[in-house]
Amino acid sequence: TCALPILTIGLILCMVFVMGCSKGISLTNTIKVLKSEDIKSAKIELSSAGGMTAKTYTFDFNNSKQTKILEDVIKYLNLGKVQGYSDEKVTNKGGSPTLLILVLKDGSVINIQSAVRDKVTKFPDGSTEIAKLPIPSEVTINIINSNEKPIRILSPEIKKLIDSGYKNIF
């Protein structure tokens, strides 16, 4: 009689664990654990304004310096602490920020950019202005064509790489 509640609680905990592990993104941890061999391709899309075409740099897996950078990014993604959901979708349209785009062998596409927050200023005439302010040491991760909400993780290393535009890599 005493074993039934314990078994029930154990079963519920197992189900919660399995369901949590099967999600691509969870607020209890980081994105699913990535490995170097999961990456099909990777590129940096530099910020663009208006109708300008963004400049794109594709990582060369035969270049040891570029491969090392990608391995570091994967390590930092796996170690990054989730800070919460992001209000902003990571996109590569219009006046976009610099993006790190990882295409996985399973067809998933992960976009990573510096995290920003909205600062809303209300004026006496009733109008408002929204400014995007950078969030120190955080990046936003979005899995394209997924129902998952974008998340922010604490990763000063990836933020530094994105903010520098990968100038020393290509």
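Source: prediction; values computed, not measured.
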What are the two closest non-hydrogen atoms of [X] and [Y], and how far apart are they?
X	Y	value
Ser155	Tyr76	OG-CB, 3.7 Å
Pro156	Leu154	CD-C, 4.0 Å
Thr56	Lys43	CG2-CD, 3.6 Å
Ile135	Lys159	O-CE, 3.4 Å
Gln66	Thr58	OE1-O, 3.9 Å
Pro134	Val116	CA-CG1, 4.1 Å

Is there a donor-acceptor pair closer than 3.5 Å between any side-chain N or O of [X] and the backbone N or O of [Y]?
X	Y	value
Asp38	Lys35	yes
Gln83	Lys81	yes
Asp118	Val120	no
Asp60	Asn62	yes

Measuring only between side-chain heavy atoms, which start at C-beta, is [X] closer than 4.5 Å to [Y]?
X	Y	answer
Lys40	Leu104	no
Asp163	Thr98	no
Ile153	Ile151	yes
Leu161	Ile69	yes
Ile162	Val139	yes
Val109	Ile143	no
Ile112	Ile158	yes
Ile144	Asn111	yes

For the [atom1] atom of [X] and the [atom2] atom of [Y], what is their distance to the nearest 0.5 Å?
X	Y	atom1	atom2	result
Leu77	Glu157	CG	CD	10.5 Å
Thr128	Lys122	OG1	NZ	7.0 Å
Gln113	Ile101	CD	CD1	10.5 Å
Ser137	Lys160	OG	NZ	11.5 Å

Checking Thr67, Leu100, Leu102 against Phe59 for side chain to side chain contact (heavy atoms under 4.5 Å, CB included), the one that qualifies is Leu100
Run the numbers on Ile74 and Ser36 for side-chain contact (heavy atoms from CB on, under 4.5 Å), then give the verdict. CA-CA 7 Å; Ile74 291 166; Ser36 298; 4.0 Å; yes
With a cut-off of 6.0 Å (strictly less than), are more than 12 heavy atoms of other residues, nucleotides or ligands near NZ of Lys105? yes
